[in-house]
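Order of the sequence lines sets the chain letters (A, B, ...), proteins ahead of strands, with each chain counted from 1. Note that these values count all heavy atoms, side chains included, but never hydrogens, waters or copies made by symmetry.
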Number of protein chains: 2
Amino acid sequence: MKAKARTKVSDVASRAGVSVATVSRSFNNPDAVREDVRRRVMEAAQALGYSPNPAAKALRMQRTHIVGAVVPTLDYAIYAQMLNSFQAAMQASGYMVFMLAAGFDNTSLYEPVRQLVDRGAEGLLIVGKIEDPRLLKFLEDGRIPTVLTYSYLPDGPFPSIGFDNYAATRQLADFLVRLGHKHMVMISGRTRGNDRQQARVRAFREAAAEAGIAKTTHVIERPYSLLEGAAAMRTIYVEHPATTAVMCASDVLAFGVLSECKNLRLNVPKDLTVTGFDNQDFTALLDPPLTTVDVPALEMGRRSGEALLNVINTRRKIGSVRLETNLIVRASAAGVRADERR
Amino acid sequence: MKAKARTKVSDVASRAGVSVATVSRSFNNPDAVREDVRRRVMEAAQALGYSPNPAAKALRMQRTHIVGAVVPTLDYAIYAQMLNSFQAAMQASGYMVFMLAAGFDNTSLYEPVRQLVDRGAEGLLIVGKIEDPRLLKFLEDGRIPTVLTYSYLPDGPFPSIGFDNYAATRQLADFLVRLGHKHMVMISGRTRGNDRQQARVRAFREAAAEAGIAKTTHVIERPYSLLEGAAAMRTIYVEHPATTAVMCASDVLAFGVLSECKNLRLNVPKDLTVTGFDNQDFTALLDPPLTTVDVPALEMGRRSGEALLNVINTRRKIGSVRLETNLIVRASAAGVRADERR
DNA sequence: CTGAAAGCGCTTACAG
DNA sequence: CTGAAAGCGCTTACAG
């Protein structure tokens with residue numbers, strides 16, 4: 001068993017009794033071909049199951065119609081959704097996408113991204129701020145069309161389609177402060193090479209500082225996972241027993257926390273307020289339903305696709321877009337009991 | 001701003017003072033080049049940041065080193081995990097992957113898969129049995145290396161790396177029968193064009209038939225989603241009030257069922273036994289922890305990658321691989337109370 | 001061990 | 001409106 005030879009322009013040309021130039025024109029510039037000739041060509045192509053060789057086409061046109069998408073992981077609903085809608089947008093415009101799961105740390109992205117470009121990616125979608133100077137230089141020197149997403153970064157060298165991680169987190173933290181919480185812990189994701197997490201931690205700390213409760217608030221850094229959320233909750237229970245609110249940087253961490261609260265016989269929200277981030281579908285069905293922040297994953301993916309196409313086609317600098325987030329208040333967050341207002 | 005011209009073999013050649021043939025050989029057949037010459041070439045390439053044009057290489061070699069992966073959706077942990085490990089395996093061997101989310105119905109896969117091949121995919125990974133005759137003919141006529149996954153299909157035209165959906169479901173159903181359940185409902189995913197779901201439904205029905213309880217068992221078909229699981233549970237509560245066990249074809253459906261049970265004041269497992277499928281990480285943290293079936297997603301992805309590489313490189317027919325699943329018994333499943341053993 | 005040349009399958013400027 | 005020919009950037013059989 002061996003690969004069958006693909007039919008090529010010359011096959012179609014001889015079957016239709018025309019030159020290869022005419023076959024090519026029939027596909028790419030149909031108006032330049034007499035109608036009956038074009039029809040004959042198309043019939044021949046159809047009969048032979050012809051489709052142009054993408055490598056030959058790419059070599060000749062200097063366009064691969066491939067882009068690369070760099071996400072932290074596929075195994076997290078927000079990124080999967082984003083990628084789904086990005087992919088759909090690109091495919092609708094005739095682009096294919098190479099997907100790369102590169103982890104959450106953006107400080108050593110050069111090698112993997114370089115590989116994407118070497119393999120033909122004409123443009124790139126990258127989640128978060130680029131923290132790797134080599135990569136930055138490579139993209140700028142090579143003038144590689146690049147769009148960042150997830151973070152809104154209006155001052156950077158590349159357009160970004162994202163939301164304000166600081167503002168969204170700050171809104172939630174301020175909300176908890178107003179509910180009377182003075183002993184709060186934030187469970188953040190890994191902050192190394194991750195501007196989104198850094199912004200969230202900063203928002204939490206500054207909210208606490210401005211409320212005058214910096215001394216009674218803490219940040220615990222953990223990888224995103226259910227089990228890590230649960231483990232972090234046990235740590236909080238032991239090391240910060242006065243805590244009345246736990247703010248998680250992701251719904252998955254919060255799910256773990258909620259589950260551990262059951263083991264610890266802590267009632268949420270009576271004994272403890274818990275919040276998440278992302279508004280994943282399961283949050284509404286947790287017990288109690290989770291207060292969280294709605295993030296426009298599908299819209300980010302779609303609009304990032306449009307933006308990237310724009311940059312690729314026009315080669316012009318375009319502006320960043322700041323998408324809205326929404327605080328979703330559900331039963332897992334409530335005010336502090338009078339006797340806890342120390 | 002315009003794209004910068006990429007450096008090409010001839011640039012490296014002139015900088016190193018050799019012919020393009022020698023540059024090419026230095027990369028692809030280093031032993032055929034004198035050591036000092038090769039070093040000079042490599043230094044020149046390094047200095048210029050050279051990497052071979054993939055389109056030119058693909059055209060000349062008639063190899064794109066691209067494969068396509070067709071999954072139902074990215075937004076479901078099992079497929080995301082599978083794709084992650086498939087991708088890693090392919091990348092390790094120098095292959096890039098075009099990803100395609102094509103939905104759960106395999107009866108009209110021809111167009112999207114054809115696009116993958118037209119865009120250069122040399123081989124394909126497809127989740128589940130192919131139910132589209134046009135696609136089958138296209139793949140067989142074109143001798144396109146193809147590996148199926150998720151389903152174990154030893155008798156089909158393509159090798160498969162998957163598990164026995166019938167056996168896994170049957171094991172679970174028989175387990176519930178032994179616990180004394182006589183009024184069972186299965187919430188299955190959509191069965192149209194989906195051999196995995198069909199096998200699971202068949203396993204459930206045959207288990208019930210052999211236990212002599214076919215008349216008191218039912219199947220409800222719903223899309224995979226939390227909310228659909230919850231909605232299905234309300235339907236069961238109203239239309240099949242005698243039900244003592246609900247078998248869900250996915251953990252996500254079961255999560256929805258569990259959540260709805262809380263609203264309905266049904267205690268699981270005292271009033272109702274609930275089971276899932278896939279052993280997603282959250283199942284252990286549900287309240288109560290969910291009885292489910294562990295599916296080897298990562299192993300499927302990795303081994304499918306190895307199998308596909310094997311077919312691409314050797315062009316030989318290879319055998320299918322049947323992976324093991326494990327019944328994970330947790331608190332959500334228990335025997336029927338004496339007064340319910342009607 | 002090295003180089004000149006052919007050719008992979010396209011598209012398009014040029015000539016008619 | 002159509003065709004002959006050049007050329008995109010590689011690799012490799014061939015000659016030396």
Side-chain angles (χ1 to χ4, degrees), chain A residues 2-42 44-45 48-66 94 117-122 142, chain B residues 2-42 44-45 48-66 94 117-122 142:
Chain A
K2 56 197 265 283
K4 241 183 63 177
R6 244 173 111 133
T7 68
K8 43 193 174 181
V9 252
S10 57
D11 297 328
V12 178
S14 47
R15 182 183 242 257
V18 297
S19 73
V20 292
T22 298
V23 174
S24 177
R25 279 194 204 97
S26 298
F27 277 90
N28 302 309
N29 188 9
D31 292 343
V33 179
R34 217 174 60 217
E35 161 142 16
D36 60 322
V37 175
R38 177 172 20 113
R39 196 163 38 230
R40 224 165 59 231
V41 169
M42 291 322 226
L48 296 171
Y50 170 75
S51 85
N53 180 315
K57 196 159 186 160
L59 177 57
R60 169 64 224 227
M61 309 278 279
Q62 305 284 27
R63 300 282 308 262
T64 58
H65 288 271
I66 292 173
V117 174
D118 286 350
R119 291 299 304 270
E122 289 178 40
Chain B
K2 56 198 265 285
K4 242 184 60 177
R6 243 171 113 132
T7 69
K8 44 194 175 181
V9 252
S10 56
D11 297 326
V12 179
S14 46
R15 183 183 239 259
V18 297
S19 72
V20 294
T22 298
V23 174
S24 176
R25 280 195 205 95
S26 298
F27 279 90
N28 303 310
N29 189 11
D31 290 344
V33 179
R34 218 174 59 217
E35 162 143 15
D36 59 321
V37 176
R38 181 177 8 119
R39 198 165 34 230
R40 226 167 56 234
V41 168
M42 289 323 224
L48 297 171
Y50 171 74
S51 86
N53 180 314
K57 197 159 186 160
L59 176 59
R60 170 64 224 228
M61 309 277 282
Q62 304 285 25
R63 297 283 308 262
T64 58
H65 288 272
I66 291 172
V117 174
D118 286 350
R119 290 299 303 270
E122 288 178 39

TODO: Whenever both distances are under 3.5 Å in a Watson-Crick or G-U wobble pair, mark it; put DNA chain C into dot-bracket that way, with [ ] for crossing pairs and | when the partner is on another strand.
DONE: |||.||||||||.|||
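Residue pairs satisfying the ring-ring contact (aromatic ring centres under 6.0 Å, His included) criterion with at least one member in residues 6-25 of chain A, sequence neighbours excluded, are absent. Within the structure, salt bridge (charged side-chain N to carboxylate O under 4.0 Å, His left out) contacts touching residues 54-64 of chain A (residues at least two apart or in different chains) are A:Arg63-A:Glu122. For residues 24-40 of chain A, the set of pairs meeting the salt bridge (charged side-chain N to carboxylate O under 4.0 Å, His left out) definition, not counting sequence neighbours, comprises A:Arg34-A:Asp36, A:Glu35-A:Arg39.
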Pairs of donor and acceptor atoms involving the side chains of residues 9-20 of chain B, under 3.5 Å and at least two apart or interchain, shall be tabulated with distances.
{"from": "B:Asp11", "atom 1": "OD2", "to": "B:Lys8", "atom 2": "N", "distance (Å)": "2.9"}
{"from": "B:Ser14", "atom 1": "OG", "to": "B:Ser10", "atom 2": "O", "distance (Å)": "3.1"}
{"from": "B:Ser14", "atom 1": "OG", "to": "B:Asp11", "atom 2": "O", "distance (Å)": "3.2"}
{"from": "B:Ser19", "atom 1": "OG", "to": "B:Ala21", "atom 2": "N", "distance (Å)": "3.3"}
{"from": "B:Ser19", "atom 1": "OG", "to": "B:Thr22", "atom 2": "N", "distance (Å)": "3.3"}
{"from": "B:Ser19", "atom 1": "OG", "to": "B:Thr22", "atom 2": "OG1", "distance (Å)": "3.4"}

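Atoms CZ (A:Arg63) and P (D:dG9) sit 16 Å apart, rounded to a whole Å. Atom CG of B:Asp11 and atom P of D:dC8 are 12 Å apart (whole Å). In this structure, A:Asp31 atom CG and D:dT2 atom P are separated by 13 Å, rounded to whole Å.
For the C1' atoms, the distance linking D:dT12 with D:dG16 amounts to 16 Å, nearest Å. C:dA5 and C:dC1 are spaced 23 Å apart, taking the P atom of each and rounding to whole Å.
Between A:Leu59 and B:Ala55, the shortest heavy-atom distance links the atoms N-CB, 3.8 Å.
Side-chain nitrogen and oxygen atoms of B:Gln62 include at least one within less than 4.0 Å of the OP1 or OP2 phosphate oxygen of C:dG9.
Nucleic acid contact class of B:Ala55 (heavy atoms, under 4.0 Å, all strands): none.
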- [ ] Classify every nucleotide of nucleotides 10-16 of chain C by which part a protein heavy atom approaches to under 4.0 Å, writing B for the base, S for the sugar-phosphate alone and - for neither, in 5'-to-3' order.
- [x] BBBB---
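The main-chain N or O of B:Asp118 is never found under 3.5 Å from a side-chain atom of A:Ser51 such that the two would form a donor-acceptor pair.
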